[in-house]
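Values below: every heavy atom of this structure, side chains too, minus hydrogens, waters and symmetry copies. Convention: sequence-line order gives letters A, B, ...; per-chain numbering from 1.
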Amino acid sequence: KQEVTQIPAALSVPEGENLVLNCSFTDSAIYNLQWFRQDPGKGLTSLLLIQSSQREQTSGRLNASLDKSSGRSTLYIAASQPGDSATYLCAGRSGGSYIPTFGRGTSLIVHP
Amino acid sequence: ETGVTQSPTHLIKTRGQQVTLRCSSQSGHNTVSWYQQALGQGPQFIFQYYREEENGRGNFPPRFSGLQFPNYSSELNVNALELDDSALYLCASSFPAGQGRRETQYFGPGTRLLVL
């Protein structure tokens, strides 16, 4: 059974900083991993999807990596802005069942 | 291209009642998944529908049931509501597994259910 952990639970940084959010998963036979952003009381916005055959994906200031052997994924945000403030969630989908398992998220605040 | 929509946005029910939540998939997507998100938690997978058939289920009791229609819209039904069912209910549409980046899930804004 896939378990997903996100550390830290909360993060507060000044504007302009580069930062890394961590996501750990227990089942190395992961099929894909997806990163999402959630604003308070809202649905999830897909940021990046990494297939098991890939090591990283990039979109603008975001870069996500996947290391199956260590059971880790990281989301790198460059030059953070106040508009990046939100909760960031990762979800791992195991091979076979395809059922996605979410972490509890990292709550990010970027202050001016 | 239209996004995923859900209705209603908010709902208040009492224990023991039944509720139906609705979801319209993003144009072209034939797979829909439902999630329950309690406050401060990540979404928990309820079930997934593909071509009107249940195609995977999480650890939820049978009183959580669903339907998918030929136009790929979907319903989540919950019977005999309990206080712990209070949560944000999210649906997500996508293409089915095996299609690479087209498996990206796109979420609706959610329905917030309060059970009193």
Does atom [atom1] of [X] have more than 12 heavy-atom neighbours, drawn from other residues, nucleotides or ligands, at distances under 6.0 Å?
{"X": "B:Asn71", "atom1": "CG", "answer": "yes"}
{"X": "A:Lys42", "atom1": "NZ", "answer": "no"}
{"X": "B:Arg63", "atom1": "CZ", "answer": "yes"}
{"X": "A:Arg61", "atom1": "CZ", "answer": "yes"}
{"X": "B:Leu116", "atom1": "CG", "answer": "yes"}

### Task
Check whether B:Val115 and B:Leu11 end up in the same hydrophobic cluster, where Ile, Leu, Val, Met, Phe, Trp and Tyr are linked by side-chain heavy atoms less than 4.5 Å apart.
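Same cluster: B:Val115 reaches B:Leu11 through Ile, Leu, Val, Met, Phe, Trp or Tyr contacts under 4.5 Å.
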### Message
Please say yes or no: joined through hydrophobic side-chain contacts below 4.5 Å, possibly via intermediate residues, are A:Leu75 and A:Val4 part of one cluster?
### Response
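The answer is yes; both residues are in one hydrophobic cluster.
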### Query
Between A:Phe102 and B:Tyr35, does the ring centre distance come in under 6.0 Å?
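Yes, the ring of A:Phe102 comes within the 6.0 Å limit of the ring of B:Tyr35, centre to centre.
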### Query
So which of B:Gly58, B:Pro43, B:Gly110 has the largest heavy-atom pair count under 4.5 angstrom toward chain A?
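When all of B:Gly58, B:Pro43, B:Gly110 are compared, B:Pro43 has the most.
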Value rounded to 0.5 Å, distance of [atom1] in [X] from [atom2] in [Y]:
{"X": "B:Phe107", "Y": "A:Arg37", "atom1": "CZ", "atom2": "CZ", "result": "15.5 Å"}
{"X": "A:Asn32", "Y": "B:Thr104", "atom1": "CG", "atom2": "OG1", "result": "8.0 Å"}
{"X": "A:Leu44", "Y": "B:Gln105", "atom1": "CG", "atom2": "CD", "result": "9.5 Å"}

### Interchain contact, A:Gln38 with chain B, by part (heavy-atom threshold 4.5 Å)
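Answer is side chain: those atoms of A:Gln38 sit under 4.5 Å from chain B.
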### Message
Using heavy-atom distances under 4.5 Å, tell me whether A:Leu89 contacts chain B through its side chain, its backbone, both, or neither.
### Response
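Side chain of A:Leu89 only, per the 4.5 Å heavy-atom cut-off to chain B.
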Is it the side chain or the backbone of [X] that comes within 4.5 Å of chain A heavy atoms, both, or neither?
{"X": "B:Gln37", "answer": "side chain"}
{"X": "B:Arg57", "answer": "backbone"}
{"X": "B:Phe47", "answer": "neither"}

